[in-house]
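Some notes on the structure that comes next.
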Amino acid sequence: MAPTPFPVPHATVPFWRTELHELDSHRSTPELPEKQDIIIIGAGFAGAALAHYLLKGTSVYKPSITILEAREACSGATGRNGGHLRPDIFNGAASRMKAHGLEVANQVAHFELENAKALTDLIKSASIDCDFKPVTSGPALKHVTYYGPEDAEKTSGVKGALALYTFPAAVIWPYKIVMHLLAAAVAAGVNLQTHTPVRAVSPVADSEGYWTLETTRGPVKAKRVVFATNGYTSGLLNEYTDAILPGRGTCARVVTTASAGPPPLPSCGIVSRSPNTMNNYWGTRPDGSFIVGGAASYRDKRELWHRNFDDNSLIEPAVPFFEQWASKNLVGWEKAEMKIENVWTGIMGYTSDDLPHVGAVPGKKGLYVCAGFIGHGMPNVLLSAKAVAKLLRDDTPLTESGVPACYETSSERLREAR
Ligand SMILES: Cc1cc2nc3c(=O)[nH]c(=O)nc-3n(C[C@H](O)[C@H](O)[C@H](O)COP(=O)(O)OP(=O)(O)OC[C@H]3O[C@@H](n4cnc5c(N)ncnc54)[C@H](O)[C@@H]3O)c2cc1C
């Protein structure tokens, strides 16, 4: 039987969580409220974005909202990722086309582009201080440049590169975006309760339609509950055990100790050494350090990542990769010594069909899910959460909000996952 995933204590410390926001361990009230209109479980990007959009509803609809978070705010995948905002219009689109057909691949690619634009607009309009750095400018797709075998290595700086695509993307500090959204939600009356793990949800709602959530601090009831619990979703909804699986990943922040500067690199990039794979990726920080992720070398040791939710330990076989990443992968960086400043693990929500689960939990009126964003939440979460907020507010079907139909959670998808 698969182990039941819950957030574990004493998680490794990602670089992104080295400058903590004052609401990091916030509790809006000393006790939990007894009853709420809406409870959001999880204070990552999905939970924070949901609160943001629920508050943007009509002035008539003012639900009471509580966010329950097992650990600190933004201590899950969002606080431990690679910091890429990169719509996946190549690798992901190709594998989705194989698995689900051209139409699905197109819908998802366009949705990712819309998300990247929406998040960029939000960051700019709300002046969110998150080290946002566009990598190339202009609307995506119209600004895709292809380099063939003659130019790919020289332009990308990646050894042995045979093909290179450049397209608009950005590097960001995701924790700062989430904390900005949470701070605005708290200021508008949302009750944020960190360090409050939910251990179970009642199997059915009571006669008044309230679901009971058992937390380590006592029970709390709500008419509507949104599971923004990503890789941990099946800890509370066991029908998702085979649909959303915890998958452990790792990243590091590395600095070069070389005095004579090696050749400059593009601000961010991903390296694929065979079709449909992502071997490693990097993003540059304003201080010249790199956030490096991927480190795919441990993937054949399944127990190190598959259904593994221990982000309180490192993936030891991956650690040397980070020091050798530049010398092994980059042209002219052979002699550059890389020093690891921070290294951490994080738990993704892998899904059996490589698509997120968004919408009403089948057969459980009042429960909703917005989870399973794999290693690719930044260009997917925002508009998924917006659509769930609209679904809660006025029953607007997800597809009318622009969410690809294939993202909608359903009993059929859950059955196929089993
Ligand atoms: C190492 C790594 C690198 C990544 N790199 C990138 C990248 O560069 N670009 C990109 O787009 N994506 C990346 N991702 C994926 C991205 O981070 C996720 O898809 C995204 O953050 C998901 O957001 P979320 O809010 O759904 O999940 P999370 O941020 O994981 O939030 C879920 C929250 O729910 C809480 N929770 C769970 N269960 C319970 C419970 N029972 N009670 C109370 N609270 C609970 C958790 O503690 C957590 O805070 C990466 C992920 C990892 C792990």
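Both ligands and their constituent atoms are indexed starting at 1 by order of listing. Quick note: numbers below take in every heavy atom, side chains included, and nothing from hydrogens, waters or symmetry partners.
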(request) Tell me yes or no: between the side chains of T351 and H357, is some donor less than 3.5 Å from an acceptor? (result) no
(request) Below 4.0 Å from any atom of ligand 1, which residues have a heavy atom? Give them in chain and number order, please. (result) F6, P7, I41, G42, G44, F45, A46, L68, E69, A70, G76, A77, T78, R80, N81, G82, G83, H84, T196, P197, V198, A228, T229, N230, Y232, L236, G249, T250, C251, Y281, G346, I347, M348, F373, I374, G375, H376, G377, M378, P379
(message) So that I know where these two stand, are F15 and W173 an aromatic pair - ring centroids less than 6.0 Å apart?
(response) yes
(message) Side chains of N342 and R17 only: does a donor on one sit below 3.5 Å from an acceptor on the other?
(response) no
(message) Could you check whether W333 and F290 have their ring centres less than 6.0 Å apart?
(response) yes
(message) Under 4.0 Å between a side-chain nitrogen and a carboxylate oxygen: does that hold for R96 and D88?
(response) no
(message) Quick test of your reading of the model: are R248 and D310 salt-bridged, counting only N-O distances below 4.0 Å?
(response) no
